[in-house]
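These notes are about the structure you will find just below.
One is the number of the first residue; the rest follow in order along the sequence.
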Amino acid sequence: MKKIVIIGGVAGGASAAARIRRLDEQAEIIMLERSGYVSYANCGLPYYIGGEIEDKSKLTLQTPQSFKNRFGIDVRVRHEAQEIDVQRKLVRVKNLETGEVEELPYDKLVLSPGARPSRPNLPGVEDEAVLTLRTVEDTFHIREFVERRAPKSAVVVGGGYIGLEMAENLIRLGVQVTILEMAEHVLAPLDYDMACEVHAYLRSKGVELMRRTTVTGFSRQGDRLFVSLQDARPLPADLVILATGVTPETTLAKEAGLELGLRGAIVVDEHMRTSNEDIYAVGDAVQVRHFVSGAPVLLPLAGPANKQGRIAADNICGKDSRFEGSQGSSIVKIFDMTVATTGLNETSAKAQGLPCDKVRLYSASHATYYPGATNMSIKVVFSPQDGKILGAQIVGFEGVDKRIDVLATAIRAGMTDADLAELELSYAPPYSSAKDPVNMAGFVIGNVRDGLVRQVHWDELLSLPKDAGVRLDVRRDDEYARGHMEGALHIPLDELRSRLGELPKGKPFYVCCQSGLRSYIACRMLTQHGMECYNLSGGYRFFEMVTKDLAYDPTPCHPCGVPIG
């Protein structure tokens, strides 16, 4: 009878345990969990604090008893693995309730220790009002703090997924929230320009957002807590949530002599096997291969962790399953907004030396003549050589999840712009348009690659001297009146053909409309009349959104190095 010990539950460990049992009814399976909960919904924790999820039992997916009843698995919560003896193939375990220590033998060992919240070593960080959110116990502690202390103001340190979800739920409770982000934008998987829409939306919801801000410590002045900042005055706060990311929990692996990689994460092969042939590792503690770039990465996401647990279990039981890498598909709800990403963003593609180009679209969630349509900002990164899709980002309200999943599938299948254009996707007016936004992305990329249109991007346009070419605005009169680029020549698209004689000779034209569609039509017209023409990617709406965000930036340059003003 095979003895299998699993250290850590939640997504990876629990998935491995259940899969092993389905493949091997005779195996002895023991799962150890340091916390009091073996399988719970990490991603739902902020919504319990904010009251969106009212019943705390809903956070628990499985219990030790339910694992025992259904799978015959011995689950031991409040048990901490303290040491792995790889020579004797034993795990030294401490019962945190009784203090008793025992040694568990194993034939195969699965490590699923997860990651711990990054808690910077700063003065005052141990204050009772400086909290982190990772476990169910953390959730109950924060909610109890909020109910008991009724904070009026909160500072959230970090603008990642947990930080933004906590900001939303604290706002919902009537707490004034300030987000401090050390980088130039929130949500690292986004490019800066796509994050600008998120910044504006957060501000519209009453969130104060401070970027490029470094926290240096926490201090008490009477009953008040103050957050000290490097280049600004201290901020008062009744509550601080540290949401500065996570660090792989790999102390056991390091002490056992297993090979470690990025930030101390456990190195595994495609079978999820570590450098020790009898030890597997899954979840947030492991280093994986990025599916698109092939580079080693850390992607602490529940979906890949579940798959990795299943793959480790398969190999333990003799099946040749392989993890082909993760592309980082993720989605987050921010109030009513949805933000989703998959694959590489432009920043990471360039950082890894991959040739790439991008297009931006502004597409409706469904047919605009059917009531309730909302718009989505879409950015697709692609290979200019073969049109293969490298990554996508979508910011919007309805229909974001549907499109990001199609694009994630396209990346996994190695599809190109031509494939996107040919996809036959479901259509009815309440759900989509006859030309789905995914199809439109394929069309736009194809037009760029075929040379039917040349693009100018917002940062390129900002970098050009004012007298370099002609800014041509082809929107309607009312749209132009609501805002336009300084010095732009305004000729509505439907009048352009009859007014070509008014255009200056010998200069390039940088053409914009609201979204980029009408300006594309204008560029086709002008190009065929022998004029040099560039379409503003994303349109004036996108350009205005980014330039407004730059006005909040306290530094003289935005991330692309373009001087403000």
Side-chain angles (χ1 to χ4, degrees), residues 34-35 42 45-46 49 113-135 137-139 141-142 145-146 149 151 153-170 175-190 195 202 207-221 224-254 260-266 283-285 287 297-301 332 554-555 559:
R34 182 170 50 191
S35 76
N42 283 83
L45 302 183
I49 294 170
R116 63 182 182 276
S118 299
R119 196 174 180 93
N121 185 22
L122 296 173
V125 75
E126 300 303 327
D127 189 280
E128 65 173 352
V130 180
L131 306 176
T132 58
L133 177 60
R134 183 67 178 175
T135 66
E137 287 91 343
D138 294 337
T139 307
H141 181 56
I142 295 173
F145 182 96
V146 170
R149 302 280 286 271
S153 64
V155 168
V156 176
V157 184
Y161 296 117
I162 291 295
L164 296 191
E165 289 171 347
M166 279 303 305
E168 172 190 347
N169 282 280
L170 290 171
V175 181
Q176 293 180 330
V177 176
T178 299
I179 295 177
L180 306 180
E181 172 54 55
M182 192 162 58
E184 49 260 320
H185 64 85
V186 301
L187 296 176
L190 293 179
L202 286 170
V207 176
E208 183 178 353
L209 176 61
M210 297 176 64
R211 295 171 289 156
R212 292 197 175 107
T213 301
T214 301
V215 175
T216 58
F218 310 92
S219 60
R220 283 278 173 186
Q221 297 181 23
R224 304 212 70 184
L225 177 66
F226 284 82
V227 183
S228 300
L229 308 177
Q230 190 172 68
D231 298 312
R233 287 186 293 182
L235 289 177
D238 299 318
L239 169 65
V240 173
I241 300 293
L242 292 179
T244 53
V246 295
T247 301
E249 181 63 87
T250 56
T251 302
L252 276 176
K254 180 179 180 180
L260 304 181
L262 295 173
R263 296 179 60 195
I266 304 169
D284 295 355
Q287 171 185 296
V297 291
L298 303 180
L299 290 170
L301 297 167
V332 62
T555 63

Pair D284-R134, salt bridge (charged side-chain N to carboxylate O under 4.0 Å, His left out): steps then yes or no: CA-CA 12 Å; D284 295 355; R134 183 67 178 175; 2.5 Å; yes
T214 side, atom OG1; L122 side, atom CG - distance, nearest 0.5 Å: 10.0 Å
Value rounded to 0.5 Å, distance of CZ in R263 from OG1 in T250: 10.5 Å
Worked check of side-chain contact (heavy atoms from CB on, under 4.5 Å) between V175 and L239: CA-CA 10 Å; V175 181; L239 169 65; 6.0 Å; no
Matching residue for L180 among T244, L209, V215, V240 - test: side chain to side chain contact (heavy atoms under 4.5 Å, CB included): V215
NZ on K254 to CG on L260, rounded to 0.5 Å: 7.5 Å
Salt bridge R211-E181, side-chain N to carboxylate O under 4.0 Å: no
Heavy-atom check, side chain of M210 versus side chain of T178, under 4.5 Å: yes
Smallest separation among heavy atoms of H185 and L190, with atom names: CE1-O, 2.9 Å
I241 and T132: CA distance, side-chain angles, deciding distance, side-chain contact (heavy atoms from CB on, under 4.5 Å) verdict: CA-CA 6 Å; I241 300 293; T132 58; over 6 Å; no
Minimal non-hydrogen separation, V332 against E165, with atom names: CG2-OE2, 3.6 Å
Donor-acceptor pairs under 3.5 Å, side chain of residues 228-236 to any protein atom, not counting sequence neighbours: which ones?
none

Closest non-hydrogen atom pair, V246 against P300: CG2-CG, 4.1 Å
L133 CG to E137 CD distance, which is reported to the nearest 0.5 Å: 11.5 Å
Side chain to side chain donor-acceptor pair (under 3.5 Å) partners of S219, counting only residues at least two apart: none
For the student: nearest non-hydrogen atoms of V125 and R119, plus distance: O-NH2, 2.7 Å
Any donor-acceptor N or O pair under 3.5 Å, side chains T135, S35: no
Side chain to side chain donor-acceptor pair (under 3.5 Å) partners of R149, counting only residues at least two apart: E128
Close side-chain approach of L164 and L187, heavy atoms under 4.5 Å: yes
Closest non-hydrogen atom pair between L298 and P248, with its separation: CD1-CG, 4.1 Å
Sequence-distant partners of R34, salt bridge (charged side-chain N to carboxylate O under 4.0 Å, His left out), two or more places apart: E80, E249
Show me, pair by pair, the donor-acceptor contacts under 3.5 angstrom made by side chains of residues 155-162, not counting sequence neighbours?
{"from": "Y161", "atom 1": "OH", "to": "S330", "atom 2": "OG", "distance (Å)": "2.5"}

Test side-chain contact (heavy atoms from CB on, under 4.5 Å) applied to V297 and Q287, step by step: CA-CA 6 Å; V297 291; Q287 171 185 296; over 6 Å; no
Audit row: L225, V130, side-chain contact (heavy atoms from CB on, under 4.5 Å) steps and yes/no: CA-CA 9 Å; L225 177 66; V130 180; 4.0 Å; yes
Residues in side chain to side chain donor-acceptor pair (under 3.5 Å) contact with E168, at least two apart in sequence or another chain: R172, K333
Where I179 and A167 come nearest, the two heavy atoms and their spacing: CD1-CB, 3.8 Å
